[in-house]
Amino acid sequence: MAKFPYVAANNQPTSLMPRLPLFLNLSDQQVQVVGLLDTGAAVNVLPYRVGLALSAVWEEQTTPVSLVGNLGQFEARALVVMASHPQITDDQAVRLVFAWTRSENAPVLLGQMNFFLEFDVCFYRSQSVFEVRLK
Amino acid sequence: MLSDTLIHELRNLNRVDKLRAMQLLVTELASEEYNLVSGATYELFTPYDNEAAAQVLYDFLQASKKDAS
């Protein structure tokens, strides 16, 4: 299992969260993102700007996804990308499906469908570390 | 504990200083644990209990895998 530290969003120790760096690939485009491991999220969420950085074309994504909560006010569409991390996936990229939202402010969320179906994760919050491995 | 003396002193402040004192306390509360302030609105991005969306993505993923194979 690869071990990662909890990362603070700012300088406050109470903002420590399990944030995982990942490479996302679509066609020949690659971007590095830091995704929040969100066990309460039913789905993975990709903010609009990241989809654009992957050269995804909004109009070409034809499967609408209805999100709830703050993201419910934004249109979202299904998008499949390949995800990798040198310590976790070796050379084997994993197919992740995202709700690509028009929201610019949303973080990258890694949720139950399908990040947690593809990766096994152990949280050790008291030690401020978490471990991830391919299923 | 908030003493009567402190309350008396706060009441004797002019309007501007009262507002400054309020602002100071609100800022301090905001920086404390969980960063939550009563009455404030916070964004919650987590799509919790969003099984309909999960089903849509599941079906989309299966179709994507079928196309790829």
Side-chain angles (χ1 to χ4, degrees), chain A residues 8-17 26 35-47 61-74 76-82 93-101 103-118, chain B:
Chain A
N10 47 44
N11 290 327
Q12 296 177 10
T14 50
S15 71
L16 285 176
M17 290 289 169
L26 185 66
L36 175 66
L37 300 188
D38 189 346
T39 58
V43 297
N44 302 323
V45 174
L46 195 69
Q61 314 311 318
T62 56
T63 303
V65 183
S66 295
L67 297 177
V68 297
N70 283 69
L71 291 173
Q73 62 189 300
F74 299 100
R77 296 182 181 177
L79 182 68
V80 169
V81 305
M82 303 305 289
V94 175
R95 194 180 297 265
L96 289 185
V97 63
F98 283 88
W100 182 24
T101 171
S103 169
E104 295 284 4
N105 296 325
V108 175
L109 296 181
L110 301 171
Q112 298 297 335
M113 179 55 67
N114 67 333
F115 179 85
F116 287 101
L117 286 175
E118 298 295 334
Chain B
M1 189 172 170
L2 199 56
S3 68
D4 290 342
T5 310
L6 182 54
I7 292 173
H8 179 72
E9 287 179 2
L10 285 169
R11 281 185 169 149
N12 280 342
L13 292 175
N14 63 36
R15 184 178 174 79
V16 172
D17 285 343
K18 280 179 182 169
L19 285 170
R20 284 182 60 193
M22 253 176 56
Q23 192 173 26
L24 175 75
L25 291 173
V26 168
T27 304
E28 281 205 6
L29 282 171
S31 66
E32 287 175 0
E33 193 172 10
Y34 304 126
N35 297 342
L36 298 180
V37 176
S38 175
T41 302
Y42 299 93
E43 288 189 313
L44 181 63
F45 290 109
T46 297
Y48 173 74
D49 203 16
N50 202 175
E51 300 315 316
Q55 185 64 51
V56 169
L57 291 189
Y58 176 80
D59 294 341
F60 186 78
L61 183 63
Q62 297 311 310
S64 160
K65 286 178 179 173
K66 192 178 280 185
D67 290 345
S69 62

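Fair warning: this is a prediction, and the values are worked out from it, not measured in the lab. Only this structure's heavy atoms are used, side chains among them; waters, hydrogens and symmetry mates stay out.
Taking 4.5 Å as the limit, every side-chain heavy atom of A/Val97 sits out of range of all side-chain heavy atoms of B/Ser64. Taking 4.5 Å as the limit, some side-chain heavy atom of B/Val56 sits within range of a side-chain heavy atom of A/Thr63.
Proximity to chain B is limited to the side chain of A/Val45, based on heavy atoms less than 4.5 angstrom apart. The contact between A/Leu79 and chain B is made entirely by backbone atoms, counting heavy-atom distances below 4.5 Å. Using a 4.5 Å cut-off between heavy atoms, B/Ala54 contacts chain A through both its backbone and its side chain.
Comparing A/Gly72, A/Gly69, A/Ala42 by how many heavy-atom pairs each has under 4.5 Å with chain B, the most go to A/Ala42.
Distance CZ/B/Phe60 to CZ/A/Arg77: 11.5 Å, rounded to 0.5 Å. To the nearest 0.5 Å, atom CZ of residue B/Phe45 and atom CG of residue A/Asp38 are 11.5 Å apart. Going from atom CD of B/Glu51 over to atom CE of A/Met113 covers 8.5 Å, rounded to the nearest 0.5 Å.
Heavy atoms from other residues, nucleotides or ligands lying under 6.0 Å from CD of A/Gln73 number more than 12. Atom CG of B/Asp4 sits in a sparse spot, with 12 or fewer heavy atoms from other residues, nucleotides or ligands closer than 6.0 Å. Enclosure of atom OH in B/Tyr58 is not indicated, since only 12 or fewer non-hydrogen atoms of other residues, nucleotides or ligands lie within 6.0 angstrom. For CZ of A/Arg95, the number of neighbouring non-hydrogen atoms (other residues, nucleotides, ligands) closer than 6.0 Å is greater than 12.
Of all heavy-atom pairs spanning A/Ala99 and B/Leu57, the tightest one is N-CD1, 3.8 Å. Nearest heavy-atom pair across B/Ala53 and A/Leu67 is CB-CD2, 4.2 Å. Considering every non-hydrogen atom in both B/Pro47 and A/Ala41, the closest pair reads CD-CB, 3.7 Å. Counting all heavy atoms, side chain and backbone alike, A/Asn114 lies closest to B/Leu61 at ND2-CD2, 3.2 Å.
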